[in-house]
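The chain is numbered in sequence order, starting from 1.
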Amino acid sequence: MSKEPFYITTPIYYVNGKPHIGTAYTTLAADTVARWQRMDGYDVHFLTGLDEHGQKVAASAAEHNMSPQKWCDSQVKDFTDLWDLLGITNDDFIRTTEERHARGVQEFLQLLYDKGYLYKDSYEGNYCTPCETFYTDEDLVDGKCPDCGREVEFVQEENWFFKLSEFGDRLLALYDEQPEFIRPAIRMNEVRSFVEGGMHDLSISRTSFDWGVPLPFDPDHVCYVWVDALINYISALGYGSADDSAFERYWPADFHLVGKDIIRFHCVIWPAMLMAADLPLPKNVFAHGFLMAADGSKMSKSKGNALYPLDLIDRYGVDAYRYYFTSDVTFGADANIGTDRITQVYNADLANSYGNLFSRVSNMAIKYFDGRVPEVPADFAEADNPLKDIADGLYERCRSCISDIDFCGATQAVMELVHRANLYVEDAAPWNLAKSPDTKGELAFVIYNALESCRLAALYLAPFMPISSTELFARLGLGDPCAIDDVEHEGVWGGLPAGNPVTKGDPLFVRISDKA
């Protein structure tokens, strides 16, 4: 039976700077969903990549005495190296300078042209080069860009325009008919208000520079960088090529994950373009919030309060980095990030609770059962088991939470089992049960239950912490949890085979000094 397709994307990232904590956050979120969906039996296609066109990129290349293409090529490794370090499992990596992308952009624009949605006119107005965005006078704040606060330039040139103004009613109908198209709800309200305020036609070309995809019907114009960038979601699937089988299979996207600062491009311009082309719309656009400094201010180099992925990974490790940003940061809301809080979460959840649980229980399995998973006596089959009661609901809880991009809810559900298992071990006191042959059966029951809780915790945490989950499985004599494609079946209580070897190894998570 063919697996159901699932398509998830990140934005494509500008090549003008190294990947930062925000780009890593979006990519990590998409990877977590992709990993879960694969474990849940879906045929996943996970796309990320780089946005390499536009005036800003051309200017940066000139500043570095490089051609635009060589400048872009020089930036790619920073992103791919970080994604490899973080264990990002993207299935494709699109660069907008690739021929396959240019072909898709031209095919799409030719279609809009043929359908009568594009026209040529002169443009006069404000343009912010760092944001690559056009603004009306009303949009400006104190005469400056409303997003980055920089000076704008007055642009006067001949452009091609997309008839965006014709799609207001259709967009509002979309928002009514598909209330989950834009998530969370607060972003839906923001976008709806914008559309209800009336829309202007969109300039979709530039002639003042040539670093972009030429329009197929007017090669003196290059495509506006944002229109170019949005089309990556379908060009990467082969749209406009001789082989569009991936497009036919995976489009429309199940999730576009984006930052809230680019939601209008994805929830107004992109669906309007797709409507004009008579193509299906993505099912969900989920916008996350901003990551702020611990005091709530914007992170910046000049303030000295910026946090960088590589620094945090060096201090906490890859899995702890992944865990913190999915367990303590609500996707969709702004969040204040600081090392004090990261250390607190690391120690409380990973070192003191999860890691300590496995360390204690594996030690006791080695000491009391010769390093083997004990077999539970038949007369304990119906015994009260609070850990099984929690575990039996884990699959549905995790599945529901991840479907809503509620990573905190999913990790909290797993940690409930971990915390309860620690309490269970304390209450059962296996060290006392081991003192008498009469309680050997109960001892086996307790140790098995604790080990099985560790297995299930590692199973459900695998999308969040693949390295430690794989290590814990190996110490229980099990295979790779990340290769599982039926997590519901594997998540049934009692799946840990009796007799499997149990090894302790080094601590999964070493406690970090609060003063470090």
Determine whether [X] and [Y] make a side-chain contact, defined as any pair of heavy atoms from C-beta on separated by less than 4.5 Å.
{"X": "Asn356", "Y": "Arg511", "result": "no"}
{"X": "Asn449", "Y": "Lys388", "result": "no"}
{"X": "Phe181", "Y": "Pro282", "result": "yes"}

Do any side-chain atoms of residues 168-180 form donor-acceptor pairs under 3.5 angstrom with protein atoms, and if so which ones, sequence neighbours left out?
residue : atom : partner : partner atom : Å
Tyr175  : OH   : Cys267  : O            : 2.7
Asp176  : OD1  : Arg192  : NH1          : 3.3
Asp176  : OD1  : Arg192  : NH2          : 2.7

What's the verdict on salt bridge (Lys or Arg N to Asp or Glu O under 4.0 Å) for Arg100 and Asp92, showing C-alpha distance, side-chain angles and the deciding distance?
CA-CA 13 Å; Arg100 59 170 174 159; Asp92 196 0; 2.9 Å; yes

Check the pair Tyr250 / Asp43 against side-chain hydrogen bond (donor to acceptor under 3.5 Å, both in side chains), numbers first and verdict last.
CA-CA 9 Å; Tyr250 294 107; Asp43 173 18; 2.9 Å; yes

Tell me, which pairs form a salt bridge (charged side-chain N to carboxylate O under 4.0 Å, His left out) where one or both residues lie in residues 456-483, sequence neighbours left out?
Glu471-Arg475

What pairs meet the salt bridge (charged side-chain N to carboxylate O under 4.0 Å, His left out) rule with one or both residues in residues 261-277, with sequence neighbours excluded?
none

Check the angle between the aromatic planes of [X] and [Y] and answer parallel, tilted or perpendicular using the 30° and 60° thresholds.
{"X": "Trp251", "Y": "His256", "result": "tilted"}
{"X": "Tyr346", "Y": "Phe509", "result": "perpendicular"}
{"X": "Tyr233", "Y": "Trp270", "result": "tilted"}

Sequence neighbours excluded, every pair satisfying ring-ring contact (aromatic ring centres under 6.0 Å, His included) that has a member inside residues 448-500:
none

All ring-ring contact (aromatic ring centres under 6.0 Å, His included) counterparts of Tyr239, not counting sequence neighbours
Phe247

Of all residues at least two apart in sequence or in a different chain, which pass the ring-ring contact (aromatic ring centres under 6.0 Å, His included) check with Tyr354?
none

Using distance alone, with no hydrogens and no angle criterion, decide if [X] and [Y] have a side-chain donor and acceptor under 3.5 Å apart.
{"X": "Ser297", "Y": "Asn305", "answer": "yes"}
{"X": "Thr27", "Y": "Tyr13", "answer": "yes"}
{"X": "Asp319", "Y": "Ser468", "answer": "yes"}
{"X": "Thr96", "Y": "Asn232", "answer": "no"}

Flag the pair Phe286 / Phe331 as yes when their ring centroid distance falls below 6.0 Å, and as no otherwise.
yes

Surrounding CD of Glu382 (heavy atoms of other residues, nucleotides or ligands, distance under 6.0 Å), is the total greater than 12?
no

